[in-house]
There are 2 protein chains.
Amino acid sequence: MTRRTGFDSVDAAILLAMTASPRATVLALAQRVLLSRNTIQARLTRWDQDELLLSFERRIDPESLGYRLTAFITASVVQRQLDAVAGALRDIPEVLEVHGVSGERDLLIRVVGEDADDLYRVAGSILAIPGVERTSTALVMRQLVAFRMTPLLQIVARRKGR
Amino acid sequence: MTRRTGFDSVDAAILLAMTASPRATVLALAQRVLLSRNTIQARLTRWDQDELLLSFERRIDPESLGYRLTAFITASVVQRQLDAVAGALRDIPEVLEVHGVSGERDLLIRVVGEDADDLYRVAGSILAIPGVERTSTALVMRQLVAFRMTPLLQIVARRKGR
DNA sequence: CGTGTACTGGTCATTGTGCCCAATATTCTC
DNA sequence: GAGAATATTGGGCACAATGACCAGTACACG
């Protein structure tokens, strides 16, 4: 019963509809996707049983909260202290996301700041974490492509199986 | 009327409640935040009038769609062709997000792939875009801190003004 | 070819929604 | 600090949506 599988093509179709109009009711979605209300309901229920959707926080724009600047900071860390560093990063509110990556640098950190000074302060407090060896900051100057999932959803929605 | 301003402390409180339970009804939110139902309703209405919330797509996990690998690709581009490159990137479904950044590299590109081969293919098609000079790929091996907004929300919720 | 799963169309009571109102706080502006 | 503009409140209303059922049917898989 607990499929534990991800989204199938039907899910993708529903997700597309929801992306188009997030406030839509279940009924509205049903006729948009040409499925019965019950089916939609069942899917939705499964989604939050299996926790397939990511946190709502993702829909909150830092800019609307007054954090106008975003930057990506790459950092090299002493491998032994990786977890400690991760913990310290978690304690910095302006750190929104941290990835452990392959390549020259070990961490890719997404941070925000209210303004240039603020961002500078945040960058400083990251560099101050014991175990962090080098950092370099790349300021986001322009959003060329805003986060999107639609193209992939369409692909998944099209492929009939699964 | 159209405040066009971002979120204030009350909004932040509501957003926190919504983050805690995204499926909560307006009534439930109201008593959680200790405000009247009408106030919540008014805020919500304003949010989607002013389009303060980011797209629902953000809540969809690529992994649940079968795209198990994520990578960040940095790229240098011929400045003149920046817009053309951005356009070409937009045509690649696996490209989820593109930022124009300061620093050595010009672009920071978030991509996904079904597996290593797929990711390699995607990286290749980016490198093939005219105007792209160099790229380097950083594979995401671990999520140290998953995207979050709660710490900032709490800060904004606390500060009484605005 | 049989069995289990998913989808359907239907009904039901309950709850939430969107909208209205007038009264009262609160905040802002001059 | 007076006055005006704006937010919040509590109340009420008709309507729509929800979640929960159910039995019948289509479908896919082994």
Side-chain angles (χ1 to χ4, degrees), chain A residues 1-53 56 59-61 64-66 153-162, chain B residues 1-53 55-56 59-60 64-66 153-162:
Chain A
M1 166 152 301
T2 327
R3 279 244 163 247
R4 196 41 75 198
T5 336
F7 295 120
D8 66 2
S9 58
V10 174
D11 292 315
I14 303 175
L15 287 168
L16 276 171
M18 292 184 69
T19 299
S21 39
R23 315 262 306 155
T25 72
V26 173
L27 194 62
L29 292 173
Q31 47 197 67
R32 212 170 189 307
V33 185
L34 301 177
L35 289 175
S36 90
R37 183 177 81 93
N38 278 332
T39 303
I40 310 288
Q41 205 100 317
R43 298 297 181 131
L44 258 24
T45 305
R46 188 170 71 84
W47 292 358
D48 63 49
Q49 273 177 350
D50 295 4
E51 291 178 324
L52 285 178
L53 284 179
F56 171 84
R59 296 196 54 194
I60 304 170
D61 187 354
S64 300
L65 280 177
L153 281 176
Q154 282 165 343
I155 291 176
V156 175
R158 259 192 280 278
R159 71 175 178 229
K160 271 297 144 61
R162 188 111 345 69
Chain B
M1 168 153 300
T2 329
R3 276 243 165 247
R4 195 44 73 200
T5 333
F7 295 121
D8 65 3
S9 57
V10 174
D11 291 315
I14 303 174
L15 287 168
L16 276 171
M18 292 184 69
T19 299
S21 38
R23 314 263 304 155
T25 72
V26 173
L27 195 61
L29 291 173
Q31 48 196 68
R32 211 169 189 309
V33 185
L34 302 178
L35 288 175
S36 90
R37 181 178 82 94
N38 277 331
T39 303
I40 309 288
Q41 204 99 317
R43 298 296 181 132
L44 258 12
T45 304
R46 187 169 72 84
W47 292 358
D48 64 48
Q49 273 177 350
D50 295 4
E51 291 180 324
L52 286 178
L53 284 179
S55 167
F56 171 83
R59 295 196 55 194
I60 304 170
S64 300
L65 280 177
L153 281 176
Q154 283 165 344
I155 291 176
V156 175
R158 259 193 280 278
R159 71 173 176 229
K160 274 295 143 64
R162 188 112 344 72

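To find a chain, count down the sequence lines: A is the first, B the second, and so on, and within it residues start at 1.
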*Asks:* Over how many whole Å does the gap from B:Ile40 atom CD1 to C:dT17 atom C1' extend?
*Replies:* 14 Å
*Asks:* Record whether the side chain of B:Asn38 comes under 3.5 Å of the base of C:dC21 through a donor-acceptor pair of N or O atoms.
*Replies:* no
*Asks:* Kindly say if A:Ser36 contacts the phosphate of C:dC7, meaning a side-chain N or O under 4.0 Å from OP1 or OP2.
*Replies:* no
*Asks:* C:dT17, OP1 or OP2 - any side-chain N/O from A:Arg23 closer than 4.0 Å?
*Replies:* no
*Asks:* Of all the choices, C:dA6, C:dT17, D:dG10, which nucleotide is nearest to the side chain of A:Arg43 once you look at every atom?
*Replies:*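 The answer is C:dA6.
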*Asks:* Taking atom C1' of D:dT8 as reference, at what distance in whole Å does atom CG of B:Leu34 sit?
*Replies:*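 Those two atoms, CG and C1', are 14 Å apart.
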*Asks:* Kindly compute the distance separating CG (A:Leu16) from OG (A:Ser21), expressed to the nearest 0.5 Å.
*Replies:*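 OG of A:Ser21 is found 11.0 Å from CG of A:Leu16.
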*Asks:* Got a donor-acceptor contact below 3.5 angstrom from the B:Asp8 side chain to the B:Val10 backbone?
*Replies:* yes
*Asks:* Measure the angle between the two terminal helix axes of the helix from C:dC1-D:dG30 to C:dC30-D:dG1, five base pairs each, and quote it to 10°.
*Replies:* 80°
*Asks:* Go nucleotide by nucleotide along DNA chain C from the 5' end; which of B:Leu27 and B:Thr45 gets its closest nucleotide reached first?
*Replies:* B:Leu27
*Asks:* Do B:Asp48 and B:Leu53 have side chains that approach each other closer than 4.5 Å (heavy atoms only, starting at C-beta)?
*Replies:*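 They are not in side-chain contact.
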*Asks:* Are A:Thr19 and B:Ile60 packed together at the side-chain level, in the sense that at least one heavy-atom pair is separated by less than 4.5 angstrom?
*Replies:* yes
*Asks:* Measure the distance from CD1 on A:Ile14 to P on C:dA6 and round it to the nearest whole Å.
*Replies:*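 Going from CD1 in A:Ile14 over to P in C:dA6 covers 14 Å.
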*Asks:* Taking the side chain as every heavy atom from C-beta outward, state whether B:Leu35 and B:Arg43 have any atom pair closer than 4.5 Å.
*Replies:*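 No, side chains not in contact.
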*Asks:* Report the distance from atom CD of A:Gln31 to atom C1' of C:dT8, rounded to the nearest whole Å.
*Replies:* 15 Å
*Asks:* Take the protein atom CD of B:Gln49 and the nucleotide atom P of C:dG18, then report the distance between them rounded to whole Å.
*Replies:*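 These atoms are roughly 12 Å apart.
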*Asks:* OP1 or OP2 of D:dT8 sitting under 4.0 Å from any side-chain N/O of B:Arg37?
*Replies:* no
*Asks:* What is the distance, rounded to the nearest whole Å, between atom CD of B:Gln41 and atom P of D:dT8?
*Replies:*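 Roughly 13 Å, once rounded to whole Å.
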*Asks:* Phosphate oxygens OP1/OP2 of D:dA7: is one of them under 4.0 Å from a side-chain N or O of B:Thr39?
*Replies:* no
*Asks:* Are the side chains of B:Phe7 and B:Leu15 in touch, meaning some heavy atoms are under 4.5 Å apart?
*Replies:* yes
*Asks:* Return the value, rounded to whole Å, for the distance between atom CZ of A:Arg46 and atom P of C:dT5.
*Replies:* 14 Å
*Asks:* Walk me through whether B:Leu52 and A:Asp61 qualify under side chain to side chain contact (heavy atoms under 4.5 Å, CB included).
*Replies:* CA-CA 7 Å; B:Leu52 286 178; A:Asp61 187 354; over 6 Å; no
*Asks:* Using heavy atoms to find the nearest nucleotide of DNA chain D for A:Val26 and B:Ala42 separately, return the residue whose nucleotide is more 5′.
*Replies:*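 Result: B:Ala42.
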*Asks:* Using whole Å, what does the distance between atom P of nucleotide D:dA7 and atom CG of B:Asp8 come to?
*Replies:* 10 Å
